[in-house]
Amino acid sequence: MGDEQNQAPVVAAATATGETEEYFEAAVRGSVDELLDAGAHTEVDAMRHSAAHVMAEAVLGIFPEAQLGIGPSIDDGFYYDFLLPRPLTPDDLAAIEAGMRASIAADHPFVRKEFPFKKARAFFEARSQPFKVEILDDLATRSKDSNTPLPPTSTYEHGTFVDLCKGPHVASTGRIGPFKLLSVAGAYWRGSEKRPMLQRIYGTVWPTQQELDAYLARREEAKKRDHRRLGVQLDLFSFHDVSPGSAFWHPKGQRLWRILETAVREVQDKRGYQEVSTPMLVHKKLWEQSGHWANYQDSMFVLESEGQTFSLKPMNCPESTFIYKSRLRSYRDLPLRFSEFGRLHRNERSGTLSGLTRVRHFVQDDAHIYVRPDQLQDEIMALLGEVYEIYGWFGLEPKFTFGTKPDKALGDPALWEKAESQIKAALDSLGKPYRLKPKDGAFYAPKIDIQIEDALGREWQTATIQVDLVMLPERFDCTYIDENGQAVRPMTIHRAIYGSLERFIGVLIEHFAGAFPVWCAPVQAVVIPIADRHIAGADELAALLSARKLRVEVDRSDNRMQNKIRLAQEQKVPYMLVLGDREIEARTVAIRNRSGEQENGVGWDAFAERLAAETAARRP
RNA sequence: GCCGCCUUAGCUCAGUGGUAGAGCAGCGGUUUCGUAAACCGCAGGUCCUGGGUUCGAAUCCCAGAGGCGGCUCCA
């Protein structure tokens, strides 16, 4: 991003000893480790952090009584949290921007100062900045607890503004590049629901105007790709207040859904899964046994009937054990792979709902695989292969994150160790780098989480592979009879490849900007008769394609051809098949694809053949 | 759930206390056209819901619902 001419030494202080904001950010995230490798600041980070200071200065100019929280740099920009006497309005943002411009024009130098702890504390107390005092007290407590001497406290000043800060900053406010304030949001102090809610102002800063413009353009592009917008435009689904957080699937959306479901079902059939289906309404005693009632009761939809308490299932796993245990299982039966497209309901808090990516009702392409311990590694490797096979259809490159045993884990540590080493061996055998997140496993299972990056570089959590040592095998007392006639515990693997179908479709919409690959596009081709007299021919061509299960529509409106093309383009239909006198005569078609490329005089059968081949190939 | 903002025709939006508007879509008519918008006309509204203030409310106030931007949460 940063261009070569901009390599002037804009960073005022590359190192600092006072632990303040970086420490505090890390503490907010609950990871003291992050403090130790806080990482090298880049120039643009310093610029963003400096912009946060300048913004705080401007806010104080308007609200002298404002109390300051923290103001770090973040990806693409910065924010600062404030406790203010009233909510901010868009006009306030404009005024704050104006204040910032004035400060930048004045080109105040950033000056670092160090103070003894007590003096710094007194300073911020005198300035009525209780949050800053709390940060300092927190540092003092921490230094006392760890028996390390309290380092001197550093501040950064520019003009009349002084902030508790570790730095680094740019040399002076004039070095701050083009910026824009973006939004105001609520944010709990220290990220805790029990603490006051502050007003957070987000902004973005870039070294050059071109980079700022490019960033803003990128945001606009992301908006255009927003699946909530495209879902309406492409007539895929809608949401209604009668069922918040649950999509209503329209015919085209449902068609896409079914294509994805059919494709993964085909893979499951090939790979030895057996599909099952379990009830949606389940007695609470099942959740008490699994442990979910204790932990997740608040996020379950609970119903009473005849004095009994039931819930809509928030997950499928426990129910698969009833099928497993419906008969004695032999070591020869394993692995047993039960797949299920389970409809789940989770009562997510209203404020967290968002389009298809955060819903209350969703379908998982779930499976529970019961294996002998000696089969675990092979099975994991097969699952990784499955992920590659399926994500390859969309040109998505899976990234793997290995989460290991958490502190509160249940079960035999030796078993954990064994399972983790087998997961590691399977991951290593891929020969691709993967991320390690120590202690990030579920309480019952080490896991591999799978993320994908979409066309805009955003990362999404989709698939998961969890090696369950405890919950299903032990809590539900699953066994099989081994070679010696002994009942022993299987291991279970929970896996989902799309994860939630809803979320996966949302990600696909944004990844492809609605222009789905030919194989899964809800409408693969629109036949466009140039005039009414060509409709009969269009119907004939469409029938020929439909007979091969290709998804085709005829535009029989009285629009002109240009408008029919425009509408098909807007619907991101892969092929527009234009039929006029010449084509009908020769039983050919003029093909226009959605990138605007044209090919004339293609025979009907030849096109059908081509489209059928493309569909079967499942290429991105 | 919490903070802020938003909700007007199917969609996108204008309308800041005095008789509800536009474009697109829809419907009717004319048009039958060669690669991203033919022309004319008609119809379409519980201005999110419920209270309140006012002679009068889409507009001001209160409560609720849904959505959006975040925070928190995410088996």
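Letters A, B, ... mirror the listed sequences (proteins, then strands); counts begin at 1. Quantities reported herein were computed from a predicted structural model and do not represent experimental measurements.
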Distance-only donor-acceptor test, [X] side-chain atoms vs [N] base atoms, 3.5 Å:
X	N	result
Gln199(A)	rG70(B)	no
Arg349(A)	rC71(B)	no
Arg566(A)	rU35(B)	no
Asp532(A)	rU32(B)	yes
Gln562(A)	rU35(B)	no

Remember a base hit wins even if backbone is also touched, and classify [X] as base, sugar-phosphate or nothing at under 4.0 Å, heavy atoms.
X	answer
Thr352(A)	base
Tyr444(A)	sugar-phosphate
Pro87(A)	sugar-phosphate
Ala442(A)	nothing
Arg200(A)	sugar-phosphate
Leu353(A)	sugar-phosphate
Arg533(A)	sugar-phosphate
Asn600(A)	base
Phe443(A)	nothing
Glu583(A)	base

If you take all heavy atoms of [X] and [Y], which pair is closest and at what distance?
X	Y	result
Ala419(A)	Leu469(A)	CB-CD2, 3.9 Å
Ile62(A)	Ala95(A)	CD1-CB, 3.8 Å
Met55(A)	Ile96(A)	CG-CG2, 3.8 Å

Tell me: [atom1] of [X] to [atom2] of [N], nearest whole Å?
X	N	atom1	atom2	answer
Asp558(A)	rA25(B)	CG	C1'	14 Å
Met197(A)	rU72(B)	CE	C1'	7 Å
Asn563(A)	rG23(B)	CG	P	17 Å
Arg228(A)	rG67(B)	CZ	C1'	9 Å
Asn559(A)	rA25(B)	CG	P	8 Å
Arg358(A)	rC73(B)	CZ	P	11 Å
Asp449(A)	rA75(B)	CG	C1'	12 Å
Tyr79(A)	rG70(B)	OH	C1'	11 Å

Does a side-chain N-to-carboxylate-O contact under 4.0 Å join Glu453(A) and Lys399(A)?
yes
Determine, for Arg435(A) against Glu459(A), whether the closest basic-nitrogen to carboxylate-oxygen distance falls under 4.0 angstrom.
yes
Given that Ser299(A) and His534(A) both sit by RNA chain B, which one's nearest nucleotide is further toward the 5' end?
His534(A)
Pick the nucleotide of RNA chain B nearest each of Cys317(A) and Phe239(A); which residue has the one closer to the 5' end?
Phe239(A)
[atom1]-based separation of [M] from [N] [nearest Å]:
N	M	atom1	answer
rA9(B)	rG23(B)	C1'	12 Å
rG17(B)	rG52(B)	C1'	16 Å
rA14(B)	rU7(B)	P	8 Å

From the list rG69(B), rC33(B), rU35(B), which nucleotide is the closest neighbour of the side chain of Ile530(A)?
rC33(B)
For the side chain of Ala185(A), counting heavy atoms from C-beta on, which of rA37(B), rG34(B), rG69(B) is nearest?
rG69(B)
[N] phosphate, OP1 or OP2, under 4.0 Å from [X] side-chain N/O:
X	N	value
Arg560(A)	rA37(B)	no
Arg190(A)	rC71(B)	no
Tyr188(A)	rC73(B)	no

Evaluation steps, side chain to side chain donor-acceptor pair (under 3.5 Å), between Arg592(A) and Gln569(A):
CA-CA 10 Å; Arg592(A) 176 195 162 108; Gln569(A) 285 285 156; 3.0 Å; yes
Among Arg228(A), Arg225(A), Arg503(A), Arg458(A), salt bridge (charged side-chain N to carboxylate O under 4.0 Å, His left out) partner for Glu510(A):
Arg458(A)
